[in-house]
Amino acid sequence: LIAFFQPKTLAGRRVLLTAGPTSEVIDPVRVLTNRSSGRMGYALARAAAEAGADVTLVSGPVALPCPDGVERIAVRNAADMRAAVMARAGQADLFIAVAAVADWGIANPSSTKLKKQPDGQPPHLDFVQNPDILAEVAALPGGPWCVGFAAETGHLAEHAQAKRARKGIPAIVGNLAQDAMDAEDTELVIFDDTGHHPLARQSKLQAARQLVGWIAARLPR
Ligand code: CTP
Ligand code: CA
């Protein structure tokens with residue numbers, strides 16, 4: 001019922017989001033992944049749909065139902081997330097990157113299960129840096145307005161603003177990593193070229209609705 005009364009600030013706008021972790025294959029039974037429940041990204045997808053947007057959610061593996069009125073594309077690794085995003089980014093007005101993308105994939109995944117060695121020797125894994133999906137979308141000519149997320153363990157403002165500049169995006173939402181993981185409530189700070197805008201500690205859905213309102217007021221027509 002509350003959702004019904006949300007102001008339709010994103011009516012007619014196309015919103016693309018990423019959420020959840022990515023999962024990088026080591027062998028047929030093992031993966032490398034990030035800690036992310038997907039709840040913040042799913043709350044934002046829901047809030048954007050409530051605000052009248054046409055919402056597509058590219059999601060890594062999570063244990064959450066797809067929000068009402070949202071189209072979900074399920075992916076596993078960063079390469080597939082990038083492909084799903086890049087195929088749709090050109091048509092989007094707004095891109096919100098909430099996914100905890102694994103920074104490295106495994107360069108030499110094994111097609112058979114790695115076995116423990118009798119001498120206790122651990123396996124040798126080669127890492128390869130994954131593409132920066134948000135930076136790629138931000139660099140698209142005529143691409144969508146981009147919002148990133150930054151979970152940091154300290155020096156939030158410095159790290160978030162440096163990240164915003166590096167990726168060339170108008171806004172980034174920061175929180176402290178120890179605060180974000182598995183928590184029901186969240187305390188977010190929005191950083192843009194005018195400085196920082198702290199939001200109250202509140203549920204992820206309430207924070208998502210506030211964030212959508214903040215973004216909608218700045219989204220170019
Ligand atoms: N992101 C992305 N693709 C990646 C890595 C990150 O789209 N390969 C996005 C995330 O979804 C988030 C933002 O970039 O919106 C910041 O992610 P973060 O991991 O904090 O930044 P990194 O650039 O990976 O820097 P680092 O992990 O070294 O702090
Ligand atoms: Ca990262």
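All residue numbers refer to positions in the sequence shown, counting from 1. Remember, it's 1-based here, ligands and their atoms both numbered in the order they're listed. Worth saying up front: this structure is predicted, and the values here are computed from it rather than measured.
Checked by atom type and distance alone, the side chain of Arg164 pairs as donor or acceptor with a backbone atom of Ile169 at under 3.5 Å.
Between the side chains of Arg88 and Gln91, no donor-acceptor pair of N or O atoms lies under 3.5 Å.
Among protein heavy atoms, the minimum distance from atom 16 (C) of ligand 1 is reached at Phe149 O, 2.9 Å. From the protein, the heavy atom lying nearest to atom 20 (O) of ligand 1 is Lys163 NZ, 2.6 Å. With hydrogens left out, the protein atom closest to atom 3 (N) of ligand 1 is Ile133 N, 3.1 Å, a heavy atom. If you check which protein heavy atom lies closest to atom 5 (C) of ligand 1, you get Val101 CB, 3.9 Å.
Atom 8 (N) of ligand 1 has its nearest heavy-atom neighbour, among Ser36, Ala78, Ala99, Pro131, in Pro131.
Crowding of Asp193 atom CG: a count of heavy atoms from other residues, nucleotides or ligands under 6.0 Å exceeding 12.
Under 4.0 angstrom from ligand 1, the non-hydrogen atoms of Asp103 all belong to its side chain. Contacts between Asp132 and ligand 1, counted as non-hydrogen atom pairs separated by less than 4.0 Å, involve both the backbone and the side chain.
Proximity of atom 25 (O) of ligand 1 to the protein is indicated by at least one non-hydrogen atom lying closer than 4.0 angstrom.
The shell of residues lying under 4.0 angstrom from ligand 1, judged by heavy atoms, includes Lys167. At least one heavy atom of Arg166 sits under 4.0 Å from some atom of ligand 1.
Contact atoms of ligand 1 toward Leu134: 2 (C), 7 (O), 9 (C), 13 (C), 14 (O), 15 (O) (distance under 4.0 Å to a heavy atom of the residue).
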